[in-house]
Each structure stands twice: as C-alpha cells, then as structure tokens.
A.B. asks: 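Questions regarding the structure given below will be posed in turn.
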Amino acid sequence: MKKQKKLVVGNWKMNPLTLEDAKNILNNVKKISPKLKKTEVVICPPYIYIPLLSKTRVKNLSIGAQNAHYEINGSFTGEVSFAELDQFGVDFVILGHSERRKMGEDNVLINKKIKAITGCGMKAILCIGESQRDHGGDYLSFIRSQISECLKDIPKKSIDNVIIAYEPIWAIGAKDAMSPVDLHEMNIFIKKVLRDAFGVLADDVRVIYGGAVDKNNAFELVKEGNVSGFLVGRESLKAKDFVEIIKIIESI
Ligand code: PGA
C-alpha cells in the first residue's frame, strides 16, 4: 500500500468574481504549501483563471479543474477537454459534482470522463453522495451504484488515479457538516465497495469528505471520520480560514 498524502481540495465554483481576488487567495495558499509534509492542496478555479494561476508552480500545490470533456477536441460548444487542460499543468479534475449532476450529468457520462482523465495519468476527483438518508438504508445501495457505474471498466492499474469525494448533497452549502461518526461508517462502506471491485489496489484510493467543512469541524471530521482530506467549497474562498483547514489536516 502506497503512503498517499492527505488532500485538501478547494472548489471555488463560479467564484471569485475578479482575477485579483483569485490571485490573493492563491498567494495565501502558496505561502503555506511548500512547508507541508503530509498534505497536498489543489485549487480548482473557474476555467478562465487557470492559465493565469498555473504559471508559477509551488510545491504541494496544484491547480485543478471543476469539470472536463472526455473527447480530446471537437465540436462541443462551451466545453473544455482534459487534453486542453493538461497543457496548463492541470493534474486534478473534479467530476460528477452534484451541481453538475443537477445540470444533467449522469453516471454514464461521468464514467466516460473518468476513463479519459485517468487514462492519460491525470487524477479524477469523483464526487458521490446521496440527496437524503432513509431508515431502510437505501442510500447505501445508491452510493454503491454511483461508485460501480462511474468506475465501470476502469482498469485496475488506473484506480490510484481516482479520488473519491463523498459529499452528501444535504450537507453541501448547509450550516452543519455530517457527523464524524456517520462519516466514519460511510468511509468504511465506500472502501469496502472499492475493495470488492478493485481488490487490494483499492486500498490506495483516497476518500475525502465535502459538505460544510470549516475550521471548526475539520479536526473531528478527519480524526474520527478517518478520511484522507476534504473537498471544500465556501471556506476555500476565505484565504485565512482555508489555510487554517490545511494546517489542521497537516497536524493530524
Ligand atoms: P461547501 O461546498 O463546502 O460550501 O458545503 C462543498 C462542495 O460543493 O464541494
């Protein structure tokens, strides 16, 4: 089993409004990332900022994308391909975020994207998560099928290019994150599903959590939830708080 670094991913979504603000946040993260020993950080800005923000590279910090098309190029108005992103040093791509699923992306499309991205050695951050929980445990079968459909026919050797971001939809943008105990349980379940499909190679896959992560709940979520890091939305736009979250992860 490889010793993988913990991962803190900032999903900026369609923010910030100005390039100047984007540079400011990134500069704060740049100050801390070279000092990290156990953690790597990925910032996923809107596409338009990527070439400008990825010019100077810093240790333990990568620029990622929030989506990518699975074809190399072609007539796909408004899309950007993984190969185009690759030229700008993009190593990580978030796929299947619930906000994109809401716009119509399904597991079949996400699977095509994961194949294209991991096939060329880039890393796919696959978002999964149920919209609500039921007492009967149907949400567990929902998560199982999200994983198996999105990772269908991914070669075993490519599985360590996949990161699973477990983001229960009810916690995204919410006031509170899920409980660390429930996260721990879900983490075990996800790892088991991956093991069933990919064998021991799945033990290298990092499972991270997203949904209302902040500097106050980060410690418990990682420590008790036993996850390998976070996918952070709102708090990744507040430079100081985001750096605080990175420091917490590094300290564990
Ligand atoms: P949040 O968003 O941290 O603002 O809840 C998480 C996400 O959408 O990835």
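Remember, it's 1-based here, ligands and their atoms both numbered in the order they're listed.
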A.B. asks: State whether Lys113 and Glu105 are salt-bridged, where the test is any N-O pair (Lys NZ or Arg NE/NH1/NH2 against Asp/Glu carboxylate O) under 4.0 Å.
C.D. replies: yes
A.B. asks: Check whether Asn187 reaches the backbone of Asn226 with its side chain - one donor and one acceptor, N or O, closer than 3.5 Å.
C.D. replies: yes
A.B. asks: Are Lys13 and ligand 1 in contact, using a heavy-atom cut-off of under 4.0 Å?
C.D. replies: yes
A.B. asks: Which heavy atom of Gly129 sits nearest a heavy atom of Ile169, and at what distance?
C.D. replies: O-CD1, 3.8 Å
A.B. asks: Taking side chain as C-beta onward, heavy atoms only, is Leu151 less than 4.5 Å from Ile159?
C.D. replies: yes
A.B. asks: With a heavy-atom distance limit of 4.0 Å, tell me whether Ile172 approaches ligand 1 through its side chain, its backbone, both, or neither.
C.D. replies: both
A.B. asks: Answer yes when Arg101 and Asp106 have at least one side-chain N-carboxylate O distance shorter than 4.0 Å, and no when they do not.
C.D. replies: no
A.B. asks: Using a strict threshold of under 4.0 Å (side-chain N to carboxylate O), is an ion pair present between Lys123 and Asp91?
C.D. replies: no
A.B. asks: Between Lys238 and Glu235, is there a salt bridge with N-O shorter than 4.0 Å?
C.D. replies: yes
A.B. asks: Using a 4.0 Å cut-off to any heavy atom of Asn11, which atoms of ligand 1 qualify?
C.D. replies: 9 (O)
A.B. asks: Please indicate whether any nitrogen or oxygen in Gly211 is less than 3.5 Å from any nitrogen or oxygen in ligand 1.
C.D. replies: no
A.B. asks: Which of the atoms of ligand 1 are close to Leu231, meaning less than 4.0 Å from one of its heavy atoms?
C.D. replies: 9 (O)
A.B. asks: Looking only at protein heavy atoms, identify the closest one to atom 9 (O) of ligand 1 and say how far it is in Å.
C.D. replies: Glu167 OE2, 2.7 Å
A.B. asks: Identify, for atom 4 (O) of ligand 1, the protein heavy atom at the shortest distance, and state residue, atom and that distance.
C.D. replies: Arg234 NE, 2.7 Å
A.B. asks: Between ligand 1 and Gly173, can you find any atom pair, the residue atom being a heavy atom, that is separated by under 4.0 Å?
C.D. replies: yes
A.B. asks: Report the nearest protein non-hydrogen atom to atom 3 (O) of ligand 1: residue, atom name, distance rounded to 0.1 Å.
C.D. replies: Gly233 N, 2.9 Å
A.B. asks: Need the ligand 1 atom indices (1-based, order shown) with element for anything under 4.0 Å from a heavy-atom of Ala212.
C.D. replies: 1 (P), 3 (O), 5 (O)
